[in-house]
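For reference, the structure is listed below as structure tokens.
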Amino acid sequence: AQSVTQLDSQVPVFEEAPVELRCNYSSSVSVYLFWYVQYPNQGLQLLLKYLSGSTLVESINGFEAEFNKSQTSFHLRKPSVHISDTAEYFCAVSERGSARQLTFGSGTQLTVLP
Amino acid sequence: DSGVTQTPKHLITATGQRVTLRCSPRSGDLSVYWYQQSLDQGLQFLIQYYNGEERAKGNILERFSAQQFPDLHSELNLSSLELGDSALYFCASSVAFGSYYEQYFGPGTRLTVT
């Protein structure tokens, strides 16, 4: 079984400031790691994923996340946020080697202030 | 637009009633997943189907059931509804089962039980 912990439920940050959303996971098996974003009144969109290879993965809109196996973490970062980044962000894991269900963290509400 | 459609968008019903939520996966996707998002429990996996067969079960109550039809659309049936069943219900689909395939999420059905 897997579990995901997102330590921060709310992260307010000013526009153009850097941000880090923290995610730690626990699993008895190897996992794939994901960040999903949910804009108000919308469904979930995949932001980025770690399957294998380079531990640093990037999204097309400037977010990046680094897989740290020793610390069982997959923190999400962005060097300069925009108002449009305001959304809820979910970290998720799934068992490696299978198209199985996702286990989600509790979510972090990122609010970018002008 | 993920290509996954869910109907209805909103549903308001009374305690004790039964409702059916419908999901049409992306064209070509064989696997369907149902998730529940509530304030109390967060985002939880309920059940997965692959090509008409149940593949995995999560925290799905006995009052809930699902099926996937030959045309690959899926329905989630919720019966003897309680106030605590009020939530956003997401359907996701992926190409196949057995290795990693990205899950695409629908916009969700918001269920309100009064």
Side-chain angles (χ1 to χ4, degrees), chain A residues 1-10 21 23-27 29-53 57 59-60 65 67 74 87-109, chain B residues 1-7 9-10 21 23-26 29-51 53-60 66 87-110:
Chain A
Q2 300 98 39
S3 66
V4 178
T5 302
Q6 292 182 247
L7 293 167
D8 307 302
S9 59
Q10 310 248 4
L21 306 185
C23 171
N24 288 89
Y25 69 93
S26 171
S27 178
V29 299
S30 295
V31 295
Y32 298 130
L33 294 153
F34 309 87
W35 277 98
Y36 280 82
V37 59
Q38 184 178 28
Y39 297 101
N41 300 313
Q42 291 189 28
L44 294 158
Q45 299 173 34
L46 181 64
L47 188 60
L48 44 76
K49 61 182 182 283
Y50 172 75
L51 304 182
S52 64
V57 291
S59 72
I60 57 172
F67 168 53
F74 191 54
E88 185 139 27
Y89 292 79
F90 292 92
C91 182
V93 302
S94 74
E95 185 177 322
R96 179 176 286 276
S98 66
R100 293 200 182 274
Q101 68 268 22
L102 296 163
T103 299
F104 287 92
S106 53
T108 297
Q109 173 64 44
Chain B
D1 186 351
S2 67
V4 178
T5 60
Q6 290 187 248
T7 56
K9 210 169 184 177
H10 302 276
L21 313 183
C23 167
S24 293
R26 291 188 325 149
D29 284 2
L30 299 177
S31 203
V32 169
Y33 312 74
W34 285 98
Y35 294 86
Q36 178 196 59
Q37 185 179 28
S38 66
L39 289 174
D40 291 344
Q41 303 292 330
L43 259 167
Q44 285 196 109
F45 166 72
L46 295 178
I47 197 163
Q48 177 194 8
Y49 279 83
Y50 172 72
N51 205 19
E53 290 188 14
E54 182 185 304
R55 284 292 184 171
K57 232 173 182 176
N59 296 323
I60 187 165
L88 197 48
Y89 291 84
F90 287 110
C91 167
S93 72
S94 68
V95 170
F97 176 82
S99 181
Y100 171 71
Y101 295 95
E102 182 172 333
Q103 292 184 33
Y104 294 86
F105 281 77
T109 293
R110 183 170 295 280

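Just so we're on the same page: letters track the sequence lines, and every chain starts at 1.
In this structure, the ring-ring contact (aromatic ring centres under 6.0 Å, His included) partners of A:Tyr89, at least two apart in sequence or on a different chain, are A:Phe63. Taking B:Arg110 as the reference, nothing meets the salt bridge (charged side-chain N to carboxylate O under 4.0 Å, His left out) condition, with sequence neighbours excluded.
Contact of B:Glu102 with chain A is made through the side chain alone, with heavy-atom distances under 4.5 Å. In this structure, chain A has no heavy atom under 4.5 Å from any part of B:Tyr104.
For the atom pair CZ of A:Phe104 and OH of B:Tyr35, the computed distance is 5.5 Å after rounding to the nearest 0.5 Å. We find the CD-CZ distance between B:Gln37 and A:Phe90 to be 4.5 Å, quoted to the nearest 0.5 Å.
For the pair B:Tyr33 (side chain) and A:Leu102 (backbone), a donor-acceptor distance under 3.5 Å is absent.
The most heavy-atom pairs under 4.5 Å with chain A, out of B:Val95, B:Leu43, B:Val4, B:Leu46, come from B:Leu43.
Within residues 37-45 of chain A, the residues having any heavy atom under 4.5 Å from a heavy atom of chain B are, by residue number, A:Gln38, A:Gln42, A:Gly43, A:Leu44.
Residue pairs meeting the salt bridge (charged side-chain N to carboxylate O under 4.0 Å, His left out) criterion with at least one member in residues 32-42 of chain B, sequence neighbours excluded, do not occur.
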